[in-house]
Structure formats: C-alpha cells, structure tokens
K.L.:
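Please read through the structure below; I'll follow up with questions.
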2 protein chains.
Amino acid sequence: MDHQPLEPEPLLSLITALRRLPGIGLRSARRISYYMLQHDLQGLDILSRALSNAVINLCHCIQCNNFSENELCSMCSNSNRDSNLLCIVETPADRNILEASRSYHGLYYVLMGHLAPLDGIGTHELSFERVLKRASDGIVKEVILATNFTAEGETTAHFLSEALAKIQVKVSRLARGVPAGSELEYVDAGTVAWAMMERKPT
Amino acid sequence: MDHQPLEPEPLLSLITALRRLPGIGLRSARRISYYMLQHDLQGLDILSRALSNAVINLCHCIQCNNFSENELCSMCSNSNRDSNLLCIVETPADRNILEASRSYHGLYYVLMGHLAPLDGIGTHELSFERVLKRASDGIVKEVILATNFTAEGETTAHFLSEALAKIQVKVSRLARGVPAGSELEYVDAGTVAWAMMERKPT
C-alpha cells in the first residue's frame, strides 16, 4: 500500500493559505475549506476578489497612518473634525470604539501596534518621529494618549508622553476608573484603586 | 458633524467577505483583516489565489463524491486499494481520520452530509441512489457504514442499511467503541482503528 496525500493539491493549498490567518489552526482551516467548498462557492469567489482588491487598493493614510483608499483618508480630509485635537490609538479597532462612543470629534493617529522590545518593536518601528512631526504641525493643541491600559499600552503612553514633552502641546491620557454600568464588587481591585486615587469632586 | 463609514471600502468588503466563513464573526473578521494587512500582505495574496484556484480546479470525484482535482480522484484510481470494500462516511474529515487510523485499505464514498429532514436534507439530497448504484457495481462485497454516532449519523446509517438490504452486498457498521454522541473527527485514531476491526454485520 502506498501513501498519497489525503487531499488534492488545490484543497491543500487552500488549507495552507487559510492557516496564515491569525487564530486559524489546521482543523479550523480544514473545516472552513470543506464547508465553503460544499455550501458557499460564491463566498470563496467573493473572498478571493476582496483579498486581492484590499492588497491592491489599501494603503496607510499619510497623516493618521490608518488604512485608507487614498493618500489622505476620509477622516483626515473631513473639515468637520476638530483639527486641534489629536488622539493616539494603538489599532484601527481602538479608533472604531472611540468613534462609537461619540465622545470625540478630533483627529487620530493610529500607531498600528505598541512598544514591545522583546518582539523588536521600539520607538523607531512605531515611527515616533512621525507622531512628533504630526503633533507639531502648529494646528494640534492637545494630544490625547488613548493606548490600552495594559503593560505595553501604558509603556507606550509613557514614552510618547516623554517625547511629546519636547514640543509645545498639551498632552492628556484617557481617564482610568470604574467601567460604566459595572458593580464595584465585580471590578478588579486595581481598577478600584485607580478610581479612588483619581477621584473627582462632584 | 457628519457620519462616515469607519473603514475604507476595500477594507469593508474584505471584512464582509471574511464573515461568510463559518465561525468568523464581525470582530474576528476585523481582527484578521487588520492583522493580515499590517503583518502579512503576501499571505493575503496567497490566500486570494488559493481560493480562486480551489473554486476553479476542484470538483467532486464521480466515484466517491469527495473533493478531487480530476474526474476520478487519486484514491479511487489507486489500484492498491481493496475495491471489494466500500466505506461510507459523512465528510472528507471523517475519511481523513479513518486513513490516519491505518485500519482500512478499501475505497470510500463521501456523503458530504447526513440526513437532516428539518434542514431539507433527505435521501434524495444525499443521493442515496448514487450510493446504491456505486455499491451494486458487482465488485463491492462489503459496505461499511462509518457515519457519525450522533442522532443524525445513526439515522443516516439506518436508512442506508435499509436501502442496501435490497442489493447483494454485506453491510456492516463501525463497532461501538467509539464513544456515543461524539464525532469521528474528534476521536483519537486508536479508538477508530478498534472500531474498524470490531465492525459488525447489521
């Protein structure tokens, strides 16, 4: 008995390609391939075209570094946004949640990551010099650091804040505190401690 | 303040296309898109080509109904396989695990599903007539029912067994030994090998 690969070549290639997606292992890649080939051939076709379209037509906005179709993204070229405010976030997803909160009407800068020296991502890789140049355009009056409240996000905010101290601009950080709608009993002690230290007069 | 879509069109299309994959919701689709656009553009390109290649070059083997590059798949055209044995499985993944158990050297028929009357999948949709025709080619001596040991798999095996009773062929079922209620794909190969060896006539 001779051993052959279990799957025909185009199927193997598809499974291998799907495994490059984050969070998709061999079993998921197989399951997805079988399912789509059996039930949604049109979906595979649409996905194929969406992928090559994204590769060809997306770039980074020269001003905010977010994904964009044009050199300058639609938000950066929107004159209704308050260009005195610049909010620095780690990822496009972070920007989306800030937009969803409807609490901010300024512009953004998307770092596309955070400082992670062990992974070789330093201030140069995150192009801090670009952030600094952006913040010192004379129009920006306040930079709001909205990186995550994780160890990496806090470190990134710290270094950004040090770098921004050199230029004439106000620097602030999102407030720490108890999440809206939550009960104290179920909030972790660290958060409660922060909320206590940063308490505000009513 | 006017509201614009949060993402540029090629990114939105990519996210929408990814959501057609089973098990991928909006948040996963966003995370995958951001990650790949930032870290693995080449992977997107490879996936795009693998998808259209699979759509164009894969068909169902005319003999075993599994995915194949050719009219007759490599296993069905392999003369080293025992063509007296025909094993009926629900999915390609089930066939793979049987192959991994190295307890079977015959041929397969892949149903690509199981009876599910509530979803409109009956004996006609699973083309039982094709299975019957395949089993009555005069070469097949024994049909082994290797559908899952779930309610749907058992029902499918029961109806197959009734249909196959009309033709001159021995019909057997994988031995119980596979834990009841579980799916073949998630059982270890040793257990599957045991069940194959202990198969009983119905």
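The chains referred to below are lettered A, B, ... by the order of the sequence lines, with proteins before strands, and numbering in each begins at 1.
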K.L.:
Verify the distance criterion only: is there a donor paired with an acceptor across the side chains of B:Y109 and B:Q63 at less than 3.5 Å?
P.N.:
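Per modelled atom types, B:Y109 and B:Q63 side chains form no pair under 3.5 Å.
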
K.L.:
Kindly check if the number of other-residue, nucleotide or ligand heavy atoms within 6.0 Å of CD (B:E9) is above 12?
P.N.:
yes

K.L.:
Consider only side-chain N and O atoms of A:N96 and B:E7, and report whether a donor and an acceptor are under 3.5 Å apart.
P.N.:
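Yes - a donor-acceptor pair under 3.5 Å links their side chains.
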
K.L.:
Just so I understand: if I count every heavy-atom pair under 4.5 Å between each of A:L47, A:L41, A:T91 and chain B, which residue has the most?
P.N.:
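Ranked by contacts with chain B, first place is A:L47.
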
K.L.:
Can you list every side chain to side chain donor-acceptor pair (under 3.5 Å) pair that touches residues 15-26 of chain A, not counting sequence neighbours?
P.N.:
A:R20-B:D40

K.L.:
Relative to chain B, which segment of A:H60 carries a heavy atom at a distance below 4.5 Å: side chain, backbone, both, or neither?
P.N.:
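Contact with chain B involves the side chain of A:H60 alone.
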
K.L.:
What option among A:N53, A:N70, A:L14 has the most heavy-atom pairs under 4.5 Å with chain B?
P.N.:
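Heavy-atom pairs under 4.5 Å are most numerous for A:L14.
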
K.L.:
Does the side chain of A:V140 come within less than 4.5 Å of A:N84's, by heavy atoms?
P.N.:
no

K.L.:
Testing A:E90, A:E154, A:E152 for side chain to side chain donor-acceptor pair (under 3.5 Å) with A:H114, which one passes?
P.N.:
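For A:H114, the side chain to side chain donor-acceptor pair (under 3.5 Å) test succeeds with only one of A:E90, A:E154, A:E152, which is A:E90.
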
K.L.:
Given heavy-atom pairs under 4.5 angstrom as the criterion, report whether the side chain, backbone, both or neither of A:M112 touches chain B.
P.N.:
both

K.L.:
Quick one: what part of A:I24 sits under 4.5 Å from any heavy atom of chain B, side chain, backbone, both or neither?
P.N.:
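Just its side chain gets close to chain B.
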
K.L.:
Quick check for you: among A:G113, A:A17, A:S48, A:A50, which has the greatest number of heavy-atom pairs under 4.5 Å with chain B?
P.N.:
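Looking at each of A:G113, A:A17, A:S48, A:A50 in turn, A:S48 comes out on top.
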
K.L.:
Heavy-atom distances under 4.5 Å only: say whether A:Y34 touches chain B with side chain, backbone, both or neither.
P.N.:
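Contact with chain B is through both the backbone and side chain of A:Y34.
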
K.L.:
In terms of heavy-atom proximity below 4.5 Å to chain A, should B:Y35 be classed as side chain, backbone, both, or neither?
P.N.:
side chain

K.L.:
Which region of A:S52, side chain (C-beta onward) or backbone (N, CA, C, O), has a non-hydrogen atom less than 4.5 Å from a non-hydrogen atom of chain B, or is it both or neither?
P.N.:
both

K.L.:
Crowded around A:E129 CD? As in, over 12 foreign heavy atoms under 6.0 Å?
P.N.:
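Yes, because the 6.0 Å sphere around CD of A:E129 holds more than 12 heavy atoms from other groups.
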
K.L.:
Below 4.5 Å, heavy atoms only, C-beta onward: do B:I144 and B:I88 meet side chain to side chain?
P.N.:
no

K.L.:
In terms of heavy-atom pairs under 4.5 Å with chain A, which of B:L44, B:I56, B:L37, B:I32 leads?
P.N.:
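Option with the top pair count is B:L37.
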
K.L.:
Between B:L21, B:I46, B:N57, who has the most heavy-atom pairs with chain A when the cutoff is under 4.5 Å?
P.N.:
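Of the options given, most contacts go to B:L21.
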
K.L.:
Heavy-atom pairs under 4.5 Å with chain B: which of A:R27, A:R30, A:R49 has the most?
P.N.:
A:R27

